[in-house]
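Everything numeric in this text was worked out from a predicted model, so none of it was measured. Lettering of chains follows the sequences in order, A, B, ..., and the numbering in each one begins at 1.
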Amino acid sequence: MQLVQLFSVVQLANALALASLLTILASGLALIFGLRDVMNFGHGALYMLGAHLGYSLTGAMSFWVALIVAPLLLCVVGLAFEYAVLRPLRHRSHIDVALVTFGLALVLGQVVTIVWGRAPLSMSAPESLASSMSLFGEPYPRYRIFLIAVGFGSCAALAAWLKWTRSGMHVRAVSQQPLVARMMGVNTDRLSLLVVCLGSGFAGLAGVLAGPYLSIDPGMGSHILISCLIVVVIGGLGSIGGAIASAVLYGFIQVIGSVLSPTLAVLAPYLLLFFVLLWRPQGLGRGRVA
Amino acid sequence: MSGVQRIAPIKKPMFAAAPDSRRGSHWYRLAGVVALIVLGLFVPAAVRNPFYLGLMINAILLAIAAISIGFLAHQCGLVMFGAAGLTGGATYLFGIAVTQFGWTIVPSAVFCLLAMTAACAAIGAMVVRARPLPFAMLTLALSEMLHSAVMVTDFRAVTGGDDGLQIDMQGSLFGLSASDLSHAQAFWPVAWLCLCGVMILAWAMGRSRFGQILRATRINEERMRFSGFDTYLPRVLAFTLAGFMAGVSGLLTGLNQAFASPELLNFTTGGNGLVAMLIGGAGTVGGPVLGAFLYTIGQDQFGASGHLELFTGIGVVLVIVAFPDGAMGFVLRLVRRPTGGSVDAQG
């Protein structure tokens, strides 16, 4: 295997496409964890729901409508999740809430199966993005470039919000010192409503974006959830920057590993997770320990 | 012992070496348990339909896995999300011993349990340091890793890849040949006795000083360390024990089905045991067993319509929100007087 072939532009772009999808999901997961201390095992199900909604909306109207409306619908789901689950259960242990989200994911998976069926659905990219373009002399699907742009663009927007706005500062404060932040007058409940809506909306966005890139079926959620959990843990629970960095790392390992050695590509993420958790339990970022 | 009693505000019955007035009832209880075990051996005589007997055997296999998860959850507060890695891993170990090493049933089974125990001791030494949430994710990652590993083409010669591993057993176990083991009627005593053995093991461990230390550590680890207790080693042992119990379940699956498929290592397979444990309640040894039987009945009733997951999900949410002690806790609360023993008393 030639090294040049390994690190071709196409491979790098493929790694980034996978990473951008994971980044969107993982940053939503990390946000919710940071604010509510909840590991949302239903995040994969939200993503799966988003993909199915995106499929129907694309069929009824267009991809662009789906790209806007599906995340908004998921925000509403997040609203219900916050009011019906997270607030009543806020005094229960982390594991209890995690198990409730696991149960809800099962329910949501079944509801989607009843409505859309179990068969894999495929969705085509919109006309303007369907063709290939030249990427440093190599043909590359336009849609993946779009995916990378939207994925990292939305994460950059999220990071900017966290860094430079007042509400973003409050989110960071609550993630790091919940008690102190509350004593200083930060309204945690209102903030968590915002963040859970945002996290769910991001899951929906990832779902719609994944539609033309991967196939849509009720099992897609649980598969990506595992990758997502690995990314969030490696990046440091509750840390957005860490999640983005580790998503990129994960994408590169997957794509380049699959060229170099498929066996290694399959096992590497888990081994990485093990080493990170044993060597640096707080993750690579500056997140908190669960 | 007295150290534990002073520091940990645990409900009294945990330490009770049976109050004096009830000491005489000990022998009755023992006789009752022995009678129940013997009576259980005659279930195949009562349940003639091989389908229902097979269903009950499935319930037993699930129950053993659920006891293992429940033991760790109740004694250490650590919930395994990836129990499939342990049960399925044991099935694969057994299969590999039979197909690769060419051993007969008994040495393969012994190898499977010993290797499982050793592997779990090594894994436990790493993972029990983690807090409950990272622990759940670590075990999940471990089982997913095994799931991916058996499907990798490089290991295909050993694990059979996607096709699974056909286990052609030679020799016999307690006079039962490989074909006998696949029949529900003949396999029942093996499964039943294993279930009883695992239940007694979990119960005895929970009652012992070892169990008290584990529960006290779960409640307040720092205090236990102050009081001079080692809090790490007991938890490694507990994980090893849970791994051994899950290994028994996986071994029985291998013996009964003579086949190891990657599906055994699936997230959902481990989820079944977890759900059974939650529905039954982890507070008692009987809880996971009750939960496993309820779950298997549900699987039979709703499995065909595909609504099983829907009811499972609703059940899990309902149990955690409304009945944290599970079905067994609910039953016990009905049976016992309000001031009587507590559900937490490890039975």
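The aromatic rings of B:Phe81 and A:Phe102 lie perpendicular to each other, with more than 60° between the two planes, well past the 30° mark.
Comparing A:Val100, A:Thr113, A:Thr101 by how many heavy-atom pairs each has under 4.5 Å with chain B, the most go to A:Val100.
Within the 4.5 angstrom heavy-atom criterion, no atom of B:Leu318 approaches chain A. With a threshold of 4.5 angstrom between heavy atoms, B:Ala149 approaches chain A through its backbone and through its side chain. When heavy atoms are compared at a cutoff of 4.5 Å, A:Ile114 approaches chain B solely by way of its side chain, counted from C-beta outward. Residue contact with chain B, scored on non-hydrogen atoms closer than 4.5 Å, involves the backbone and the side chain of A:Leu99 alike. With a threshold of 4.5 angstrom between heavy atoms, A:Ile230 does not approach chain B through any atom at all. Both the backbone and the side chain of B:Val321 come within contact range of chain A, judged by heavy atoms closer than 4.5 Å.
Applying the 6.0 Å contact sphere to CD of B:Glu263 captures no more than 12 heavy atoms from other residues, nucleotides or ligands.
Going from atom CG of A:Leu273 over to atom CG of B:Leu138 covers 5.5 Å, rounded to the nearest 0.5 Å. Note: B:Met137 CE to A:Phe41 CZ = 6.0 Å, rounded to the nearest 0.5 Å. Taken to the nearest 0.5 Å, the CG atom of A:Leu229 stands 10.0 Å off from the CD atom of B:Glu144.
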Trace of the side chain to side chain contact (heavy atoms under 4.5 Å, CB included) decision for B:Leu140 with A:Ile226: CA-CA 8 Å; B:Leu140 178 61; A:Ile226 310 268; 4.0 Å; yes
Verdict with supporting geometry, A:Leu104 and B:Val317, side chain to side chain contact (heavy atoms under 4.5 Å, CB included): CA-CA 7 Å; A:Leu104 287 173; B:Val317 173; 4.1 Å; yes
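Listed here is the closest heavy atom pair of B:Ala141 and A:Tyr270: O-CD2, 3.4 Å.
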